[in-house]
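Please read the structure below before turning to the comments.
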Amino acid sequence: MNKKRIIFHIDVNSAFLSWTAAYRLQQGEILDLRTIPAVVGGNPLERHGIVLAKSIPAKKYKIETGEPLFSAVQKCPELTIVKPQYDLYIKCSNAMVEVLKEYTPKVQRFSVDECFLEFTGMENVYGDYIQLAKDIKERIKKELGFTVNIGISSNKLLAKVASDFTKPDMVHTLFKEEIKYKMWPLPVGDLFMVGRKTVSKLNKLNIRTIGDLANFDLSVLKAVLKSHGVLIWNYANGVEDSEVRCGNFINMKGLGNSTTISFDVEDIRTAHMILLSLCETVGMRLRDSENLCSLVSVVIKNSDFLMYRRQRKIYYATDSTKEISKIACELFDEIWKGEALRLIGVSVSELCTNEMYQISIFEEENIEKERALDSTIDKIRRKYGSKAILRGSFLHSGINPINGGISEENYPIMSSIL
DNA sequence: TCTGGGGTCCTAGGACCC
DNA sequence: TCTGGGGTCCTAGGACCC
C-alpha cells in the first residue's frame, strides 16, 4: 500500500517585483511598489523592453508578463517601471531556500521563485500541514519581507495548481477529492503544460475547461497531440507521480547563454566577439557544475525575429572556454546568411561528469595547460569580479567581455537580513 | 509587436548499418 | 535501380515552462 504523500509548492507572489519592492522599503523608501500599478522591465532602448513581473494593481489593467513595455504603458499611462536586479533576486531566492530547508531536507528548487517540499512520512513531526504552511508563509513574510502562496497536495502537479489559486499570501489545498470542484471548472490553459498553441488545438476539439479535457476521449487526444496529449490528459485527472528532487546540479541536462544585442550585428568580427563573451559564461558555469559537454549549439535570431540554430556533437567531452567558443564560431559561420542579427546564443548539452577527463587523441598536448588557465581565470573572477580579467580583443570594442556574468554590485543593507 | 533569457522534452527526417 | 525493413544516431525545429 502506498503511503499518502504530502507535497507543498511554494510560489513567491510577483517575485521580481516583490523582491525589488522589499529591497526598496529596506532602503528607506516609503512607497511600496506592490500597492501601485508597477512592473519590472528592461530598457527598450537596449531592445530589452518587456514586462518581467507585475504588481497586482498592474494586473488589473490586463498587463501581462512578457508583453512589451510599450503596450503596458498604453494600458496604464501612469505605470511605474523599475529595472531588474538579478543579483538581488538570486539572494532572495537563496534566502528563501535556506528557510525552507529548516522544515524538511527534501526541497526541490523548481525555478528562481518556486520550490517543492516533501513531508511524506513526517506525520510525527508535523500534525497539521495547513498550519505548517501558514507558519512557513508567515515566517518568510516576517523575516524576508515578501509573501508567498503555498499549495498542498499529494503530488507535485496538484500542489502547483493549488498555489496558483487566489493570490497573494494564501495557503490552498487540492487533494484528489477536491479536483472536481476546484480544478475542473478552470480554463484549460491554466493547466501546467497547456500553453497557447495547445489551447487553440484543444478549443478546436471543443475542450475549454480542465474538466472537459479530463473527460475527453483519450484515444482522440492521442491521435491529435501524441504523447503530449496523454501527458495533459493525465494532468487534468490529477495523475502525476514524479519525485521531489533535491541537490544542486543533479539532472542538469545542459546550459546556455544568449543575449539580445542593443544594435543589429552585421559583421562577422563583432559576432565572433559576442560568441566568445557568451562562451566565457557558459564555460565557467559548466566548470562550476563539474561537468563536461559533448554537444555545442548556436542560435541566432534575425531582425525579422526568425530563429534558427545549428548544433554539433563532439567526440571529446570538454569544458574549455576556448574549445567551446571555437566550435561556436564555426557553427555560426555555417548558419549565418549575412543578415542583420538581434540575438546570438550559445548552449552546451550532453553533459557528463568531469571526474575522468578523456583527452582526445587528436588534441594537442597542451590541453592540460588550457584547463589550468580556465581554472585560474575562474578563481580570479570569483574573487575579484567578472571584469577583473578579460581578453585583449575586447578592449575598446564596446562589447561586454562577459555576458550574463556575475555582477559585482552588492546590497549591503539587504545582506544583513539575507 | 516597440516582442528577454533561462531551461526541458518531443518529433521528423536523413544517414548509416546490418 | 523498377532495390526491404529495422535500429540507431544525428540535426533541426517546435512546444512547453518560469
- Message: Assuming nearest nucleotide by heavy-atom distance, tell me which of Asn251(A) and His228(A) is located more 5' along DNA chain B.
- Response: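 The residue mapped nearer the 5' terminus is Asn251(A).
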- Which comes earlier along DNA chain B counting from the 5' end, the contact point of Met252(A) or that of Thr65(A), where each point is its nearest nucleotide?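 Its nucleotide being nearer the 5' end, the pick is Thr65(A).
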Counting only side-chain nitrogens and oxygens, does [X] get under 4.0 Å of the OP1 or OP2 atom of [N]?
| X | N | value |
| --- | --- | --- |
| Ser227(A) | dT11(B) | yes |
| Ser258(A) | dG6(B) | yes |
| Tyr315(A) | dC10(C) | yes |
| Lys160(A) | dC18(C) | yes |
| Lys226(A) | dA12(B) | yes |
| Thr259(A) | dG5(B) | yes |

- Item | Spacing of Met122(A) atom CE and Tyr129(A) atom OH [to the nearest 0.5 Å] |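 Nearest 0.5 Å value for the CE-OH distance: 7.0 Å.
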- Query: Less than 3.5 Å between a donor and an acceptor, one on the side chain of Arg309(A) and one on the base of dG13(C), is that the case here?
  - Reply: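 Between dG13(C) and Arg309(A), which were checked side chain against base, a qualifying N/O pair under 3.5 Å is present.
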Remember a base hit wins even if backbone is also touched, and classify [X] as base, sugar-phosphate or nothing at under 4.0 Å, heavy atoms.
| X | value |
| --- | --- |
| Gly42(A) | nothing |
| Gly345(A) | nothing |
| Ile232(A) | nothing |
| Leu255(A) | sugar-phosphate |
| Arg109(A) | nothing |
| Val194(A) | sugar-phosphate |

- Message: Closest-nucleotide mapping onto DNA chain C: is Glu114(A) or Lys201(A) further toward the 5' terminus? I mean the 5' end.
- Response: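 Its nearest nucleotide being more 5', the pick is Lys201(A).
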- Task: For Asp333(A) and His272(A), test the side chains for any donor-to-acceptor distance below 3.5 angstrom and give the result as yes or no.
- Result: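 There is such a pair (donor and acceptor under 3.5 Å, judged by atom type) between the side chains of Asp333(A) and His272(A).
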- Pair Ser18(A), Asn13(A): side-chain N/O donor-acceptor within cut-off below 3.5 Å: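 No.
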- Item | Whether Phe116(A) and Phe110(A) hold their rings parallel, tilted or perpendicular, with breakpoints at 30° and 60° |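 Correct class here is perpendicular.
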- Message: Under 5.5 Å centre to centre and under 30° between planes: does that hold for Phe305(A) and the six-membered base ring of dT3(B)?
- Response: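 Phe305(A) ring centre within cut-off of dT3(B) base, planes near parallel; stacks.
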- Task: Establish, for the pair Lys4(A) and Phe175(A), whether the NZ or CZ atom is under 6.0 angstrom from the six-membered ring centre and no further than 45 degrees off its axis.
- Result: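 Yes, a cation-pi geometry holds between Lys4(A) and Phe175(A).
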- For atom C1', what is the distance between dC18(C) and dC2(B), given to the nearest Å?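 That atom pair is separated by 24 Å.
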- Task: Please examine the side chains of Glu240(A) and Leu158(A), heavy atoms only from C-beta on, and report whether any two atoms are closer than 4.5 Å.
- Result: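 Contact flag for Leu158(A)/Glu240(A) side chains = no.
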- Note on the structure: Secondary structure of DNA chain B per the Watson-Crick/G-U criterion (both distances under 3.5 Å; [ ] crossing, | other strand, . unpaired) is ....||||||||||||||
- Query: Is the number of heavy atoms from other residues, nucleotides or ligands under 6.0 Å of Lys313(A) NZ greater than 12?
  - Reply: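 Yes, the 6.0 Å shell around NZ holds more than 12 heavy atoms from other groups.
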- Give a yes or no on whether the backbone of Val239(A) and the side-chain of Asn237(A) come within a donor-acceptor separation of less than 3.5 Å.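 Flag not set: sc Asn237(A) to bb Val239(A) has no pair under 3.5 Å.
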